[in-house]
Number of protein chains: 2
Amino acid sequence: MDPFALDRSSPVPLYFQIAEQYEQAIVDGRLRPGDRLETEVALARQLGLSRPTVRQAIQLLVDKGLLVRKRGVGTQVVHAQVRRALELTSLFDDLSRAGQAPRTQILGLRRVSAEPAQAQPLQVAPGEPIWLLERLRLVGDEPLAVLRNCLRTGLVDLEAFDLERQGLYGSLRRAGISMSVARQRVGARRASPAEAALLSEDPGAPLLTMERTAYDNAGRVVEFGQHVYRPDLYSFETTLVQR
Amino acid sequence: MDPFALDRSSPVPLYFQIAEQYEQAIVDGRLRPGDRLETEVALARQLGLSRPTVRQAIQLLVDKGLLVRKRGVGTQVVHAQVRRALELTSLFDDLSRAGQAPRTQILGLRRVSAEPAQAQPLQVAPGEPIWLLERLRLVGDEPLAVLRNCLRTGLVDLEAFDLERQGLYGSLRRAGISMSVARQRVGARRASPAEAALLSEDPGAPLLTMERTAYDNAGRVVEFGQHVYRPDLYSFETTLVQR
DNA sequence: GAGTGGTCTAGACCACTCA
DNA sequence: GAGTGGTCTAGACCACTCC
């Protein structure tokens, strides 16, 4: 490993700068699966930092599934091909980063009265107005997913944003709304006739489903989504870490 | 919140004791969604601990998606019905804890020569001997999933364990092998005729699929699984946290 | 016995939020 | 301006692994 370049005047925390450089080294192949890192104490001495700061950096990468630690032994790069972990982002971000040129087609955006099935996850009273957004996601010319989202009104005026270009999460970020936590459930079912038509699939074809409820950093529900994906074009990848 | 009972002679770390008691309070309803916790400094003073220790406890629950923090504001309980997050466990554990009396039927356990498709994820040479384990999981009398696992030989003698009663992960734990990290991919596809017969489904019915590679805390591949689930009986739940 | 990561202390300064 | 969480320091002792 090359020496680190730390910028103490940067607003980026030191532990994050360290973690970024290690992550890059792993992705680049400068650190290979099974390689041992230097000990936390040695690293702290070399970098002129305290051990807790170095430890915080390593912990970040352990949580991402890139490193494994063993007491009395040391810290090693995990023996796995590194792929991007599932993060709290939208499908739009996922595909943009994969360079696949996603497009979005708005099928409908309107204010409706919340039905009980929508009101409950959004934690509003039934009959209250909510945003209902339906979109078709395409990658190239292939339809990929049908996205259906419910949002509380009052948070943001969705019609003011270019949802086709920025995606929903990008628009929310621009409005100053940042997601903090999300719960999601992934399942499967047959395509309805309408979904099959939109996705160029046979009726009854298997679809991957995802339901997600997202919360801001005040713990309030921001968004509830029910999405269906073509399983030949999309799947969900997660890294699980024992804590 | 009631005062905490900390046991400094316990081998359980103090930060974990604190986190456990908060988690219990949230599950019990003594702490309700939106409730504010006391400040980290105040908590440290009351508990007679340093602030970093208290902070470590809170971080654990933030990572679990139970609490949200906001600088300049405070720490709150997230506005969500609390459900168990997806952890690094097996389906057997999942169902046991849900009180659903899972059963396992071993369809086959044998040593085979690794085919390339099996050798690659296990990181052994093609043709090397590996364990191949096929099981049918049932809940009550309903078939739930077909589980197919490949393991490196040499780690453990699978025939020495009662896989029907303990599950695979339980057997590995007994053999002193603990999982540290796992990567998994969830998708969907049609049932093959054989799978349909095992799962009491129609051929071509939609199935939920999961591929998982698990690593021990030396970063070595331990297990590679390809599983299919009946989507009416099982789905995958995850909590995503912005870091 | 030497070396590792796991836990913990008792402070410090800062950026941010809100009144 | 007061109070919050975010970051960072410079140590300490312990449990565990390996030789």
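Ionic pairing of B:Arg185 and B:Glu211 is not present here: no N-O contact between side-chain nitrogen and carboxylate oxygen is shorter than 4.0 angstrom.
A:Gln59 and A:Tyr15 share no donor-acceptor pair across their side chains, judged by distance under 3.5 Å alone. In the model, B:Thr104 has no side-chain atom that pairs as donor or acceptor with a side-chain atom of B:Arg135 under 3.5 Å.
Residue whose closest nucleotide on DNA chain D sits further toward the 5' end, between A:Leu49 and B:Gly74: B:Gly74. Nearest-nucleotide positions on DNA chain D for A:Val73 and A:Arg8 put A:Arg8 closer to the 5' end.
Taking the side chain as every heavy atom from C-beta outward, B:Ile26 and B:Val78 never approach each other to under 4.5 Å. Residues B:Val77 and B:Leu37 are in side-chain contact: their nearest non-hydrogen atoms beyond the backbone lie under 4.5 Å apart. Side-chain contact between B:Thr75 and B:Leu61 is absent, with no heavy-atom pair separated by less than 4.5 Å.
A:Leu14 comes within contact range of the sugar-phosphate backbone alone, with a heavy-atom separation under 4.0 Å but no base atom that close. Within 4.0 Å of A:Pro52, counting heavy atoms only, lies at least one base atom of the nucleic acid.
In this entry D:dC16 has C:dG3 as its Watson-Crick or G-U wobble partner, both defining distances falling under 3.5 Å.
Where DNA chain C meets chain A (any atom under 4.0 Å from a heavy atom), the bounding nucleotides read 5' to 3' are C:dG3 to C:dT7.
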